[in-house]
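Here is the structure we will look at, set down as structure tokens.
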There are 2 protein chains.
Amino acid sequence: MEHRIDRIKKQLHSQSYKLTPQREATVRVLLENEEDHLSAEDVYLLVKEKAPEIGLATVYRTLELLSELKVVDKINFGDGVSRYDLRKEGAEHFHHHLVCIECGSVEEIEEDLLTDVEKIVEGQWGFEVKDHRLTFHGICRVCQKQAVSAASTNESGKE
Amino acid sequence: MEHRIDRIKKQLHSQSYKLTPQREATVRVLLENEEDHLSAEDVYLLVKEKAPEIGLATVYRTLELLSELKVVDKINFGDGVSRYDLRKEGAEHFHHHLVCIECGSVEEIEEDLLTDVEKIVEGQWGFEVKDHRLTFHGICRVCQKQAVSAASTNESGKE
DNA sequence: CATCCAGTGATAATCATTATCAGATTGTAT
DNA sequence: ATACAATCTGATAATGATTATCACTGGATG
Ligand SMILES: [Zn+2]
Ligand SMILES: [Zn+2]
Ligand SMILES: [Zn+2]
Ligand SMILES: [Zn+2]
């Protein structure tokens, strides 16, 4: 934790930005909720618990700054809000997501998976890939099981 | 053109929706600008040229409806507006996009490219893929050429 | 005809995000 | 320490996209 804060601090300093208390509080919230996909509002409410004096605008500004520095990636799952996702240590690219259309859960995929596809895109389309966004929409493991058990219940009930 | 309108008409009827004049005008605009990625506002302005009496709300409603019927796909390139992209005839999945971070141009990729990746996701993550969104961010062919020629100009100018 | 109801247009309301601006904080030169 | 400039912050207003509301229309049904 402290280690990662230090790295981010250095990254900020390298562009002559400071790690102010507000920025640090925001980063801590992101680190503590790394598995989630928080909106700016979500982050704001969580930061407020520790640093009640912080303003919403500052949270937006901080997230924007972290986004420029590639500390976080901004992503949109189509529900009208931007979400902010910490980039894993040393990750070259943004990771992928599995969004369940039944329960709304979001799972992460760390593996790159796109190496071959990017080669094709570079070779065949002459497009120099810098980053990507890949999201799959479908049915998660849990919802699949529920569908199966619901079906067998119906069957035994001779519906 | 008429052929595709007919198919969409049937698709609407199959869910007991009607192809009203407003809806038809909207669909025609989408067909005539298939290569673009229009926002709701864009569509509204274009439809107004032919059917000046149409209201913005109706355009939003129509796009939402077409989206549910999978006639169009709603996509967000991160610029704060939703864009609507006609699904190609008979296409199983949404197509992919190449967004240039220099000039903002958007190129399309019809080829699926993700068959293998989806197999992995289904096998290894147990996730049943229904659809996907894949966007590459990078430098398009044109901007690459410009960068090269700019560099050689500098060189010959002994900058 | 009377009734019903999906669909429509105008416009108000909502909600996320951005802009503004005065005050606080920091670093630095004197 | 004092003065000064630059950065940063919080409150709040403004913006802009999208959604909700509501009265009205036109076609279908009996
Ligand atoms: Zn699920
Ligand atoms: Zn994620
Ligand atoms: Zn370009
Ligand atoms: Zn497209």
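Proteins get letters first, then strands, A, B, ... in listed order; numbering begins at 1 in each.
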Provide, to the nearest angstrom, the distance between the [atom1] atom belonging to [X] and the [atom2] atom belonging to [N].
X        : N       : atom1 : atom2 : answer
Lys18(B) : dT8(C)  : NZ    : C1'   : 12 Å
Glu64(B) : dG7(C)  : CD    : P     : 14 Å
Arg23(A) : dG10(D) : CZ    : P     : 11 Å
Leu65(A) : dT7(D)  : CG    : P     : 13 Å
Glu24(A) : dT25(C) : CD    : P     : 17 Å
Leu19(A) : dT25(C) : CG    : C1'   : 15 Å
Tyr17(B) : dA28(D) : OH    : C1'   : 18 Å

Margin query: Pair His97(A), Ile109(A) - check side chain to side chain contact (heavy atoms under 4.5 Å, CB included), show working.
Written below: CA-CA 6 Å; His97(A) 294 96; Ile109(A) 296 190; over 6 Å; no
Margin query: I'd like to compare against my own output: the B/S/- annotation of nucleotides 9-17 of chain C with a strict under-4.0 Å heavy-atom distance to protein.
Written below: BB-----SB
Next item on the list: Using the six-membered ring wherever Trp is involved, compare the ring planes of His132(B) and Phe136(A) and label them parallel, tilted or perpendicular (cut-offs 30° and 60°).
Entry: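 The rings of His132(B) and Phe136(A) stand perpendicular, inter-plane angle above 60°.
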Note to self: Using OP1 and OP2 only, check whether a side-chain N or O of Thr20(A) sits under 4.0 Å from dT26(C).
What the structure shows: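 Negative; the distance criterion is not met.
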Notebook entry, point to check: Sequence neighbours excluded, which residues qualify as salt bridge (Lys or Arg N to Asp or Glu O under 4.0 Å) partners of Glu64(B)?
Noted result: Lys74(B)
Next item on the list: Kindly determine whether Thr135(B) and Leu134(A) satisfy side chain to side chain contact (heavy atoms under 4.5 Å, CB included), including the steps that lead there.
Entry: CA-CA 7 Å; Thr135(B) 303; Leu134(A) 173 58; over 6 Å; no
Notebook entry, point to check: Does the separation of the ring centres of His37(A) and Phe77(A) fall below 6.0 angstrom?
Noted result: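 Yes.
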Check: What's the spacing between Leu65(A) CG and Arg23(A) CZ if we round to 0.5 Å?
Finding: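 Spacing of CG (Leu65(A)) from CZ (Arg23(A)) equals 5.0 Å.
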